[in-house]
Peer 1: 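Encoded as structure tokens, here's the structure I'll be asking about.
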2 protein chains.
Amino acid sequence: MDRKTELLNCAENVARRRGYDGFSYADLASEVGIRKASIHYHFPSKADLAVALIERYADTFSDALAVIDETSDIASDRLAAYVQGYRRALSGGAKLCLCVAFSISRDSLSEEALAELEAFHSNSIIWLTKTFELANKDGSVTNTGDPLEEATTLLAIVVGAQLVARAANKVGDFDQATKLFLSRLA
Amino acid sequence: MDRKTELLNCAENVARRRGYDGFSYADLASEVGIRKASIHYHFPSKADLAVALIERYADTFSDALAVIDETSDIASDRLAAYVQGYRRALSGGAKLCLCVAFSISRDSLSEEALAELEAFHSNSIIWLTKTFELANKDGSVTNTGDPLEEATTLLAIVVGAQLVARAANKVGDFDQATKLFLSRLA
DNA sequence: TTGAGTATACCTACCAGTAGGTAGATGTCA
DNA sequence: TGACATCTACCTACTGGTAGGTATACTCAA
């Protein structure tokens, strides 16, 4: 694995545990095994690193959504996979979605990073709305309302469930908070 | 107002905007108008400040729930007031609930602070469960399921809605994410 | 084929600024 | 007089970032 990727992996891991203000170049340096100054070669400033981090995360996320779409044509399967993805990202209560972790540190982020963050959220909403529209047609989700309202509600549920579970360091809290929604899936 | 309260107010404000790792004693000092060292007189360490902050926040919160209970006997009114409380706490997209903001910084918090945080969440769940039990009786909420499941889901919704709205700095995102739930209230 | 030039990826040593925290003097008021 | 609240002045450790240097490798014209 090349050094840049290694640094991104390490930074993503720690950022999702501690947030943007919760890690330093020194942390990354000691973990990756190079000197602090050398990180500046790959990412001139921490702001650059933040942008690279969000960009890569958004790409990976959108790939994952594409895989979900390929795996099943049924809306309920797709939504279950979506919720499952957030559950996996929680890493047993230790990590958050990168964009959730970065949302708190809004004031420390560059304009560019904030734009990426908003793009990430709106892409999620677009995919979810599309999927709830499908649910209205295929009937695989019980009791569906307006697709956009369902989409924004589900995004809030998974994000909130992750946060509550992170606060208590218990995956069970995520499961509890998503149970009611999952019970609506065929 | 006494200095200690003034410091707590200031710290709460900035902590809810930037998180625990996002503010320093120097920030508080310049805002309150005393020297950094003087803050240590009131709160010997930042960990002490964090605990005091959460304690006061939890007390205020539980008072607010008591007021809601006094104001109406109808479950749907109480739940609407609960959601409205989180909306107000959002301060137009600029702030989060203190406990949400602190959840991200879990790793920087003392054991005592973490315990307070968990107590806060479980108190919320207790109140919400009780209120959804009432809803099952008074029929003021449509289509209610298991009270505990409803409670954890609603907590996730308001927390998640706050976070998404904070990420975009738009209150509208909170409204959008809570709309579907609010439409179930009589 | 060789050597000059250049790019990569790192290093040591440093910078100014800030973090949380401490010691001890000073002012103020019951 | 003494408790309280604040101050000045300082500490060590760490922050993101920079300057300048080095070993290794690739490229390309003489």
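Convention: sequence-line order gives letters A, B, ...; per-chain numbering from 1.
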Peer 1: Sequence neighbours left out, cut at 3.5 Å: what donor-acceptor pairs do the side chains of residues 28-35 of chain B make with other protein atoms?
Peer 2:
{"from": "S30(B)", "atom 1": "OG", "to": "D27(B)", "atom 2": "O", "distance (Å)": "3.1"}

Peer 1: Evaluate the ring planes of F61(B) and F120(B), with Trp represented by its six-membered ring, and classify them as parallel (under 30°), tilted (30 to 60°) or perpendicular (over 60°).
Peer 2: perpendicular
Peer 1: Nearest of dT15(D), dT6(D), dA9(C) to any side-chain atom of D27(A)?
Peer 2: dT15(D)
Peer 1: Measure the distance from CZ on R3(A) to P on dA7(C) and round it to the nearest whole Å.
Peer 2: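 Taking atom P of dA7(C) as the reference, CZ of R3(A) is at 22 Å.
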Peer 1: Given atom NE2 of H42(B) and atom P of dG20(C), what is their separation to the nearest angstrom?
Peer 2: 17 Å
Peer 1: To the side chain of Y25(B), which of dC7(D), dG20(C), dT6(D) is closest?
Peer 2: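 For Y25(B), the side-chain atoms sit closest to dG20(C).
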Peer 1: To the side chain of I34(A), which of dC11(C), dT15(D), dT8(C) is closest?
Peer 2: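 The closest nucleotide is dC11(C).
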Peer 1: Looking only at N and O atoms, is any donor in the side chain of K36(B) or the base of dG20(C) less than 3.5 Å from an acceptor on the other one?
Peer 2: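 Under the 3.5 Å cut-off, the side chain and the base do form a donor-acceptor pair.
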Peer 1: With respect to the side chain of H40(B), which nucleotide from dG16(D), dT6(D), dG20(C) is positioned closest?
Peer 2: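 In terms of side-chain proximity for H40(B), the closest of dG16(D), dT6(D), dG20(C) is dG20(C).
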Peer 1: Given dT6(D), dG16(D), dA23(C), identify the nucleotide with an atom nearest to the side chain of A37(B).
Peer 2: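 Among the listed nucleotides, the one closest to the side chain of A37(B) is dA23(C).
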Peer 1: Counting only side-chain N and O atoms of S24(B), is one of them less than 4.0 Å from OP1 or OP2 of dA19(C)?
Peer 2: yes
Peer 1: Using modelled atom types and a 3.5 Å cut-off, is there a donor and acceptor pairing between side-chain atoms of R78(B) and backbone atoms of F132(B)?
Peer 2: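 Between the backbone of F132(B) and the side chain of R78(B) there is no qualifying donor-acceptor contact (under 3.5 Å).
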Peer 1: Taking only side-chain nitrogens and oxygens of S38(A), does any of them come within less than 4.0 Å of OP1 or OP2 of dA9(C)?
Peer 2: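 Result: no.
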Peer 1: Starting at CG of L28(A) and ending at C1' of dG16(D), how long is that distance when rounded to a whole Å?
Peer 2: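 Whole-Å distance recorded here is 12 Å.
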Peer 1: Of all the choices, dT6(D), dG21(C), dA9(C), which nucleotide is nearest to the side chain of K46(B) once you look at every atom?
Peer 2: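 Within the option list, the nearest is dG21(C).
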Peer 1: By nearest atom, which of the nucleotides dC11(C), dA5(D), dC7(D) is closest to the Y41(B) side chain?
Peer 2: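 The closest nucleotide is dA5(D).
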Peer 1: Whole angstroms only, please: what is the CZ-C1' distance between R35(A) and dG20(D)?
Peer 2: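 Value for this atom pair: 17 Å.
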Peer 1: Among dA19(C), dT6(D), dT15(D), which nucleotide has an atom closest to any side-chain atom of A26(A)?
Peer 2: dT15(D)
Peer 1: By side-chain hydrogen bond (donor to acceptor under 3.5 Å, both in side chains), which residues pair with S110(B), not counting sequence neighbours?
Peer 2: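 With sequence neighbours excluded, S110(B) shows a side-chain hydrogen bond (donor to acceptor under 3.5 Å, both in side chains) to no residue whatsoever.
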Peer 1: So do L128(B) and E150(B) actually touch side chain to side chain, heavy atoms under 4.5 Å?
Peer 2: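 Sidechains of L128(B) and E150(B): no contact.
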